[in-house]
Structures are given as C-alpha cells and as structure tokens.
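What you see is a predicted model, and the numbers here were worked out from it, not measured in a lab. As a basis for the values below, the full set of heavy atoms in this structure was taken, side chains included, without hydrogen atoms, waters or symmetry mates.
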Amino acid sequence: MKHLSKITTLLFLSLVIFSCKDNDFDNKFDKLPDERVRATLKDYKEALTDAPYGWQMSYSMGANVEYMSYQIVYFSEDNTVKFHSPDLKTPITSEYKLMAEGDIELVFNTFNENLTIFSYPNPKAPNGYGGDIEFNFRSINDAKNEIILEGKDYKGKLILKKAKEEYKDFAKIQEFINYLAQERTARYMNVAITAGLEDASEQSPVSIGLDLSSIARVGDYAFNYKGQFSQGRKMLYFTHTEMGLSTPIKINGHEIQFFTYNTAKKRYEIAGSDLQGYIYCTDLPVYYVPGVVDEFKDNYALWMKASFGKPSQKYKAMRQAIPKIKGMVIVTDYNQRIPLFDKYGNPVLDDSYNHDYELGDKLGDGLLFSFEEVDQFYFYFIPLEIEKLKEDRVRFKRKEGYICVPKKGEKAEPIIESIKGNPKFDDLVSYICNQEGWYIKRTIESGQIDWDFISQANPKEDYFYTRLK
C-alpha cells in the first residue's frame, strides 16, 4: 500500500506541474486527478478540432535524420485525421487518439503514407527511418494557434500552426520557390545576421554561408565564428507561409530555421528566432574552410579539366601558339614521375591499369605543361611560389628557371625555344600569377576529387576546374 500511495502522489504532482506551465490551459485544482486528466484531454482535443482550415503541420524527424515533411491536417471529433500533402495526389485519412501516459500524448494509431510510414519497418529500413507515431505535447501558446510536440522515441519535432485560410492548393508553394530563385543573383547565398548575435548590426552583419537549392531540396551551411568553423547540410522545405530547414542551424546558443518573405524588400528574412537578418548573395563565399591551402600544398598534381572566362581564353590561345603542349597541371611538393617499362619496352601498368612510374628528382611547386594527353612524364615545368592568403585563398608568384623533359629521341632545345619567351605562354602564366589570387574550393563528385580555382578579381566569370591526377 505504501508503494501505491507513492505512485499516486507522484502522478498527482506530475499532473499539477504539467498543468502549471504558462502555455497550458486553465488550472483545474478543484478536480480530482482523474478528472483533471480527462478535462485536459478534452481541452487538447477541442484545440485540435477547432481549426476550420486545418493545421499547417511540419514534421522534422529525430534520430539524426535531416528530413522535414509538410502537409495540411484536419483533426475531427470522430478521431480521424485527414492529410493533404504536396507529395500525394489525393488526401488520405488515418486515425488518432489522445492519451495520458506520464505526458499527454497524440498518437497516430493507424498506418498512413504521410507520417507513420517513417516508423514502420520496410525492406530498405528493417527498423524504420527513425519516425515516431507517439508524440508528447510540449507547448500550446495562449492563442491556441501553435502546438509543439516531441516524438516519444526518436525526439522528432512536430509543429502545428493553425491555418488562417484554406491551403489545400499546394501550387501556391511554387511562389515561395520562385522568390528564392529570384534572390540568387550571384554564385554564393548567405544569411546576414543583423541583430541578436554579439557584434552583429545592420552596418556590420555577421554572415554565414547558406546555399539553398529548391531543386535538390537542401541547404548547405558553413560559417566561421569566434575561431570555430561549422558546416553541414539540412533539408530545405516550403510551406504556404514560409521557408524552413529540417533542423535549426545553431550559432553561439542561437538558432536559425525559418524564413518568411518580405515582399517590400524582396528578400527572405529570418523568422521564429531571437536573431534578425536576411538572405543575400555574393560572388565569393563569406566563410573560410580551414586547411584547404595546407592540403593543396601537400604533394598534389591537379590537371586542368575545364576553364571559363579569361582562364579559358588565355589557355586556348597558348595551346594554339604551342601545339606541343597538351595539358596544364598545377603541382605542389612534386617529384618527377619516371615511367616504367618492361624488358621489351612495353609500359608497366599499375593496379588501376595506368602507366606505372617511379619518383625522380624533387621539383617542388609549379606549373607543369605536359606533352601528353593523359600522362605527365614529359613536360615543360616552371617553378612557382605559393602564398597562403587565407585558409582557402592563394596567390602564385613565378620564380626563375624552367625544366624541360622531352620524350626519348626528341631534342629539348627546339621545344624550349618554342615555349620560353612565347608571349601567349607568358600571358597565361602572368594571369595565373595575378596579384588578387584565387579562391580554392574542393569538391567530390561521383568519387572524383575536383579542385576549383575561382578568380578573386572576377569570380563571376573567371574560374577553372582541376582534377586530381
């Protein structure tokens, strides 16, 4: 009996504490515990069903899964709930119930293709995708037009906002997608934080990179703040009233997740946060990726694969003037590669069926102009000094000297004469060694590592791509 008494006392206290929260409904101290639970369940159900235009429901899954679903839901008195989704042609109806089990819970207790599908096992995910079907109420605002719930098992967040008009037509969402496309006026998209963060102001905002793609439905963020670099990927989604991320970007104890469109200023602005700011674009990123230049200087050979603007114009002019040159390779801490042949003079192949080689003399940093389409055994080399401007910005400076390695049987002198002092060749090298320098961006696509060199003088038009060789 003592144990039963303790349990009853704890249950009573928990219900009293729960009902005393500022954002809960009226206290019911004049009722017995069971009566209070029933009254609270009744109030919660009335709140859910008192929504003529339904609820805008955004569901961010827990279990470290970056996924957000958006739909319009209608809760009915008969414990059915109807889902309208942009991903389904017709609405679907499921069942729900409210229950008290420690906390007041909203339970979706029949399978549906919009919500509970993430929690049910399937051939691709035997344990489901980390979705919940039971949600604990965490807050209801005073106006009873916003309800926040948390998944019982995986801690996903379910936000209900009472719709102010009928939102069954999801075509309206395209307007907000179009607004985002109109804002992309330059290569890099960012958020300028103007208030709420230390050292942030309208005159001197704190900026973070936030590359938003409505096609890929992702938001890649990156920023440097107080000596720390942070980056990651969120899912991007749109509702009838805002644009949002699957989970918040966290910066110094603050969060950024939602954006609303300011039609007067024609820009997206931070919403639902103690921070203020807006989205804007720049030709170069506002952040610096630590270690990029240091890695680049650690024994790399990067073969130019594509070029645009001035790099393309000057490179093509050089190739036309010197047909002997087949490709340009930026090398760092480089050793000459000496090709291997068997006793019959056939190339020795490595495990990847490429022509194998051994390392020769140290050449260091420089530009290697290869006389081959594929390999770089025979070349004209000029040394460079590489100056690190920032963590991902460099400047090249041409040094004296050159090295020419022709194919067996070829004479070096005619090749040197065609290259040394050639105005088109010197013009290309001088351009690469420009004073403003280059922003370096490393990307990985389909297992291939690419290094992009983007002009700081004219980033919108002048850049070239290289691939690890």
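- Judged purely by distance below 3.5 Å, without hydrogens or angles, the side chains of Ser76 and Lys82 never pair a donor atom with an acceptor atom.
- Ring-centre distance between Phe75 and Tyr96: below the 6.0 Å cut-off.
- Phe118 pairs by the ring-ring contact (aromatic ring centres under 6.0 Å, His included) definition with Tyr67, not counting sequence neighbours.
- Side-chain atoms of Asp333 never come within 3.5 Å of backbone atoms of Asp298 as a donor-acceptor pair (strictly under, hydrogens ignored).
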Practice item. Check the pair Phe464 / Ser455 against side-chain contact (heavy atoms from CB on, under 4.5 Å), numbers first and verdict last. Key: CA-CA 9 Å; Phe464 62 93; Ser455 167; over 6 Å; no

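- Remark: Lys161 is positioned above the aromatic ring of Phe258, its terminal NZ or CZ atom under 6.0 angstrom from the ring centre and at most 45 degrees off the axis.
- Aromatic ring centres of Tyr261 and Phe259 lie farther apart than the 6.0 Å criterion allows.
- Asn112 is not listed as a side-chain neighbour of Ile117, based on a closest heavy-atom distance of 4.5 Å or more.
- There is no side-chain donor-acceptor pair under 3.5 Å between Glu242 and Thr260.
- In this structure, a donor-acceptor pair under 3.5 Å is present between the side chains of Asn262 and Glu269.
- Looking only at side-chain heavy atoms (C-beta outward), Trp55 and Ile147 come within less than 4.5 Å of each other.
- Closest of all the heavy-atom pairs between Tyr188 and Lys441 is OH-CD, 4.0 Å.
- Between Lys155 and Asp132 the shortest heavy-atom distance is N-OD2, 3.5 Å.
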Practice item. Could you check Ile270 against Tyr278 for side-chain contact (heavy atoms from CB on, under 4.5 Å), going step by step and ending with a plain yes or no? Key: CA-CA 6 Å; Ile270 296 173; Tyr278 56 90; over 6 Å; no

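- Atom CD in Glu358 sits 5.0 Å away from atom CG in Leu340 (nearest 0.5 Å).
- Within the 4.5 Å cutoff, the side chain of Leu367 has heavy atoms near those of the Leu384 side chain.
- The number of heavy-atom neighbours closer than 6.0 Å to CG of Leu359, taken from other residues, nucleotides and ligands shown, is above 12.
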Review point. Does the pair Glu105 and Lys97 meet the rule for a salt bridge (Lys or Arg N to Asp or Glu O under 4.0 Å), with working shown?
Key: CA-CA 8 Å; Glu105 296 180 14; Lys97 66 178 179 180; over 6 Å; no

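- Aromatic ring pairs are classed by plane angle as parallel below 30°, tilted from 30° to 60° and perpendicular above 60°; the pair Tyr465 and Tyr463 is tilted.
- Looking at Leu180 and Met243, their side chains come closer than 4.5 Å, going by heavy atoms from C-beta outward.
- Aromatic ring centres of Phe229 and Phe223: separated by at least 6.0 Å.
- Counted within 6.0 Å of NZ on Lys265, heavy atoms from surrounding residues, nucleotides or ligands total 12 or fewer; the atom is thus considered open.
- Remark: Lys310 NZ is loosely packed, at most 12 non-hydrogen atoms of other residues, nucleotides or ligands lying under 6.0 Å away.
- With no hydrogens or angles considered, no side-chain donor-acceptor pair links Asn178 and Gln182 at under 3.5 Å.
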Practice item. Apply side chain to side chain donor-acceptor pair (under 3.5 Å) to the pair Gln276 and Thr194, showing each step before the final yes or no. Key: CA-CA 6 Å; Gln276 297 177 27; Thr194 58; 4.8 Å; no

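- Looking at Lys390 and Tyr288, their side chains do bring a donor and an acceptor atom within 3.5 Å of each other.
- Checked against the 6.0 Å centroid threshold, Tyr59 and Tyr237 do not count as a close aromatic pair.
- No more than 12 heavy atoms of other residues, nucleotides or ligands sit less than 6.0 Å from atom OH of Tyr357.
- If you check the side chains of Glu66 and Thr247, you find a donor sitting under 3.5 Å from an acceptor.
- A centroid separation of 6.0 Å or more is found between the aromatic rings of Phe170 and His84.
- Salt bridge annotation for Arg233-Asp220: present, with a cationic side-chain nitrogen under 4.0 angstrom from a carboxylate oxygen.
- Within a 6.0 Å sphere centred on CD of Glu165, heavy atoms belonging to other residues, nucleotides or ligands number more than 12.
- Within a 6.0 Å sphere centred on CZ of Phe111, heavy atoms belonging to other residues, nucleotides or ligands number more than 12.
- At a cut-off of 3.5 Å, with distance as the only test, a side-chain donor of Ser207 or Tyr280 sits close to an acceptor on the other residue.
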Point to revise | ring-ring contact (aromatic ring centres under 6.0 Å, His included) evaluation trace for Tyr167 with Tyr70 | key: CA-CA 12 Å; Tyr167 287 140; Tyr70 169 69; 8.3 Å; no

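- Side-chain contact between Ile454 and Leu284 is present, with heavy atoms from C-beta onward closer than 4.5 Å.
- In this structure, the side chain of Asp450 does not engage the main chain of Arg467 through any donor-acceptor pair within 3.5 Å.
- Listed by chain and number, the residues in a salt bridge (charged side-chain N to carboxylate O under 4.0 Å, His left out) with Glu391 are Lys388 (sequence neighbours excluded).
- Going from atom CD1 of Ile173 over to atom OG1 of Thr241 covers 9.0 Å, rounded to the nearest 0.5 Å.
- The residues Arg184 and Asp211 are annotated as salt-bridged, a charged nitrogen and a carboxylate oxygen being separated by less than 4.0 angstrom.
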**Study point:** Thr80 and Asp78: CA distance, side-chain angles, deciding distance, side chain to side chain donor-acceptor pair (under 3.5 Å) verdict
**Key:** CA-CA 6 Å; Thr80 59; Asp78 62 357; 2.6 Å; yes

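- Checking Asn145 against Lys164 by side-chain atom types alone, no donor-acceptor pair falls below 3.5 Å.
- In terms of modelled atom types and a separation under 3.5 Å, the side chain of Tyr44 and the main chain of Leu106 share no donor-acceptor contact.
- Heavy-atom neighbours of Lys152 NZ from other residues, nucleotides or ligands within 6.0 Å: above the threshold of 12.
- Salt bridge Lys226/Glu198: present, at least one basic N to carboxylate O contact under 4.0 Å.
- Going from atom NZ of Lys157 over to atom CZ of Arg138 covers 11.5 Å, rounded to the nearest 0.5 Å.
- Interatomic distance, Leu212 CG to Tyr268 OH, rounded to the nearest 0.5 Å: 9.5 Å.
- The closest side-chain heavy-atom distance from Gln376 to Val329 is below 4.5 Å.
- Ion pair Glu46/Lys144 not flagged as a salt bridge, since none of the NZ, NE, NH1 or NH2 atoms sits closer than 4.0 Å to an Asp/Glu carboxylate oxygen.
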